[in-house]
Trainee: 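Next up is a structure, given as structure tokens.
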2 protein chains.
Amino acid sequence: MRVRRAPDVVIRRLPLYLRVLENIDIDKHGPSISSYELGDAAGVTPDQVRKDLSLFGEFGKQGVGYEIDTLRQELRRVLNLDCVIRVAIIGAGSLGIALARYLQGRRRAESNYHLDMVAVFDKDPAKIGLEIDGVRVLPMELLKSKVRELGVRMAVVAVPAASAQEVVDACVDAGIDGILNFAPAKLAVPSHVRLHNSDLSLELMHLAYYLCGAPGENTRTARDSQAEG
Amino acid sequence: MRVRRAPDVVIRRLPLYLRVLENIDIDKHGPSISSYELGDAAGVTPDQVRKDLSLFGEFGKQGVGYEIDTLRQELRRVLNLDCVIRVAIIGAGSLGIALARYLQGRRRAESNYHLDMVAVFDKDPAKIGLEIDGVRVLPMELLKSKVRELGVRMAVVAVPAASAQEVVDACVDAGIDGILNFAPAKLAVPSHVRLHNSDLSLELMHLAYYLCGAPGENTRTARDSQAEG
DNA sequence: TAGATTGTTAATCGATTAACAATC
DNA sequence: TAGATTGTTAATCGATTAACAATC
């Protein structure tokens with residue numbers, strides 16, 4: 001029932017807010033948090049916090065702030081994280097394994113972590129049957145049936161660039177809604193599927209721009225040094 | 001000698017352009033590329049390509065386009081990728097190892113890849129001496145001396161959130177300029193150091209927003225479906 | 001009540017898109 | 001020359017910041 005669509009730049013900040021709220025100990029802190037505190041912890045201005053949140057409802061009280069429990073719950077709801085989202089990882093190479101372990105670790109560390117990594121797929125027969133933190137590696141042939149069976153809604157693609165498009169096609173065919181791609185490739189998906197990309201190599205090239213001066217020296221003036229990312 | 005500082009949003013697109021140029025076979029394609037072609041391959045409008053590039057110089061020819069070789073070289077120069085940048089990875093857990101392999105793989109796959117992963121560090125004695133794709137894991141105590149010795153300028157931080165700040169402090173102390181952090185933590189660095197963050201968990205929460213409807217169904221209207229980076 | 005803090009409107013700032021003269 | 005395509009200026013669009021009345 002949202003009237004105006006929220007811009008993506010706002011959506012990207014919501015998980016930041018949510019994380020701050022997840023990490024607050026209410027017993028120590030008290031039940032409320034102001035836009036000043038929340039902004040400070042998340043690295044944005046209080047104005048922005050209020051403007052962002054106001055796009056989704058009126059969650060605060062004048063003179064008091066936002067009730068932490070309530071806001072947390074609202075943000076989870078907005079982000080579709082109010083019930084478990086099952087995630088599959090495609091590719092059991094070192095990156096796929098690392099991502100799988102990372103997600104399992106987050107889930108163990110954070111109660112109420114609503115991303116549940118339930119399966120890893122690979123086409124290499126040598127990888128099938130491996131166990132990664134309690135989850136077995138399955139053959140690609142089972143993707144469609146297992147996605148249905150387990151209720152998987154998101155996929156993390158960690159295969160070589162050359163096979164990324166075919167893997168993504170298979171995910172789409174299996175009915176997956178959202179894909180986070182780690183392969184350094186430009187991929188095509190139908191418009192009802194959301195594709196995001198995370199590319200280490202692009203990130204490093206981006207970062208390289210901000211390195212100062214020639215190797216070994218530090219002569220050039222530092223450019224814009226706001227933290228990114 | 002840049003007159004106006006280029007906005008970061010532009011800088012983030014340059015690696016995209018550079019990658020397109022790196023992947024073109026000049027023998028097949030011919031020596032020039034238009035802003036239309038380049039934009040198409042990079043996923044941006046031709047107008048934007050021209051505007052972005054014009055911030056750094058006049059690289060094109062009216063009626064012809066941009067000479068691929070020249071533009072590639074210019075982009076490398078702008079991004080500080082015209083000579084090798086040595087990178088260290090901090091943390092030899094599964095993510096650190098995966099990132100190390102990924103970088104080694106890119107370097108093997110792409111001639112002229114100017115990011116050179118030269119060292120991995122860990123504080124766990126059990127990890128010291130391990131070899132990852134030909135690079136040895138060194139103890140954190142050697143960070144400062146090795147950074148000097150090898151000319152390391154960038155660090156990739158892949159340690160648990162709890163130790164990320166101390167690791168970043170050590171990197172800064174060792175004279176490192178640019179840091180790409182994978183730990184889910186908000187870190188502080190002095191203003192002359194550039195810190196970027198890459199956070200799988202935030203990415204997945206961001207993506208979750210765009211999942212349609214309740215688990216199992218697909219009822220809600222798809223929202224903004226432009227592909228994101 | 002007085003102080004604090006929200007939600008929202010208005011003002012500013014910046015980025016993208018459109019348009020086109022210059023020119024290869 | 002005619003068609004293509006650049007670099008740049010102007011117009012539009014969107015996001016951030018500032019300000020403040022409402023109110024807890």
Side-chain angles (χ1 to χ4, degrees), chain A residues 2-14 16-17 20-21 29-71 74-75 78 206 223-224 226-228, chain B residues 2-14 16-17 20-21 29-72 74-75 78 206 223-224 226-229:
Chain A
R2 206 159 294 137
V3 179
R4 223 192 307 177
R5 201 184 66 222
D8 187 69
V9 69
V10 173
I11 305 304
R12 251 183 277 147
R13 285 191 291 263
L14 300 185
L16 232 52
Y17 303 152
V20 171
L21 299 173
H29 180 277
S32 291
I33 188 169
S34 72
S35 58
Y36 293 81
E37 281 180 280
L38 179 49
D40 200 50
V44 307
T45 64
D47 312 66
Q48 193 140 65
V49 170
R50 293 204 300 279
K51 193 128 219 289
D52 287 352
L53 296 180
S54 75
L55 286 173
F56 304 97
E58 306 192 1
F59 305 134
K61 269 204 180 66
Q62 284 103 323
V64 181
Y66 301 88
E67 200 194 353
I68 293 171
D69 265 336
T70 311
L71 186 57
E74 292 289 352
L75 285 180
V78 169
H206 176 201
R223 278 167 282 186
D224 185 358
Q226 69 183 350
E228 295 281 330
Chain B
R2 205 159 297 140
V3 178
R4 224 192 305 177
R5 200 185 66 223
D8 187 68
V9 70
V10 173
I11 305 304
R12 252 184 276 147
R13 285 192 291 263
L14 300 185
L16 232 51
Y17 303 152
V20 171
L21 299 173
H29 180 279
S32 290
I33 188 170
S34 73
S35 58
Y36 292 81
E37 281 180 281
L38 179 48
D40 200 50
V44 306
T45 63
D47 311 66
Q48 193 141 64
V49 170
R50 293 203 300 279
K51 193 131 220 290
D52 287 352
L53 296 180
S54 75
L55 286 173
F56 303 97
E58 307 191 2
F59 305 134
K61 269 203 178 68
Q62 283 102 323
V64 181
Y66 301 88
E67 201 194 352
I68 294 171
D69 265 337
T70 312
L71 186 56
R72 188 156 47 194
E74 291 289 352
L75 284 180
V78 169
H206 176 202
R223 278 168 279 187
D224 184 358
Q226 69 182 347
E228 294 280 330

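The figures here come from the full heavy-atom set of this structure, side chains too, leaving out hydrogens, waters and symmetry mates. A, B, ... follow the sequence lines: proteins, then strands. Residue 1 opens every chain.
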Trainee: Could you tell me if the side chain of B:R13 sits less than 4.5 Å from the side chain of B:V49, heavy atoms only?
Mentor: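 Side chain of B:V49 against side chain of B:R13, heavy atoms only: no contact under 4.5 Å found.
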Trainee: Do A:F56 and A:V10 have side chains that get closer than 4.5 Å, going by heavy atoms?
Mentor: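 SC-SC contact between A:F56 and A:V10 confirmed.
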Trainee: Mapping A:V10 and B:G57 to their closest nucleotides on DNA chain D, which lands nearer the 5' end?
Mentor: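 Upstream on the strand: B:G57.
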Trainee: Please find the earliest and latest nucleotides of DNA chain D, in the 5' to 3' direction, that have an atom within less than 4.0 Å of any heavy atom of chain A.
Mentor: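 Contact boundaries, 5' end first: D:dA15 to D:dC24.
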Trainee: Please table the atom pairs, donor to acceptor, closer than 3.5 Å between any side-chain atom in residues 60-70 of chain B and protein atoms at least two apart or in another chain.
Mentor:
unit_1, atom_1, unit_2, atom_2, d
B:E67, OE1, B:T70, OG1, 2.7
B:D69, OD1, B:R72, NH2, 2.7

Trainee: How far does OG1 of B:T45 sit from NZ of B:K51, to the nearest 0.5 angstrom?
Mentor: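 Answer for the OG1-NZ pair, B:T45 versus B:K51, is 11.0 Å.
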Trainee: Please enumerate all residues that pass side chain to side chain contact (heavy atoms under 4.5 Å, CB included) together with A:S54, with sequence neighbours excluded.
Mentor: none
Trainee: Show every salt bridge (charged side-chain N to carboxylate O under 4.0 Å, His left out) that has at least one partner inside residues 34-48 of chain B, sequence neighbours left out.
Mentor: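 Residue pairs with at least one partner in residues 34-48 of chain B: there are none.
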Trainee: Quick one, B:L71 and B:Y17 - any side-chain contact, counting heavy atoms below 4.5 Å?
Mentor: no
Trainee: Got a sec, which residues hit side chain to side chain contact (heavy atoms under 4.5 Å, CB included) with B:P46, two or more places apart in sequence or on another chain?
Mentor: B:S35, B:Y36, B:R50
Trainee: With sequence neighbours excluded, tell me which residues meet side chain to side chain donor-acceptor pair (under 3.5 Å) with B:E74.
Mentor: B:R77
Trainee: Based on Watson-Crick and G-U pairs with both distances under 3.5 Å, what dot-bracket line describes DNA chain D 5' to 3', crossing pairs as [ ] and inter-strand pairs as |?
Mentor: ..||||||||||||||||||||||
Trainee: What are the residues of residues 42-52 of chain B, sorted by number, that bring a heavy atom to within less than 4.0 Å of DNA chain D?
Mentor: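 Heavy-atom cutoff 4.0 Å gives B:R50, B:K51.
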Trainee: Is there side-chain contact between B:F59 and B:L75, with at least one heavy-atom pair below 4.5 Å?
Mentor: no
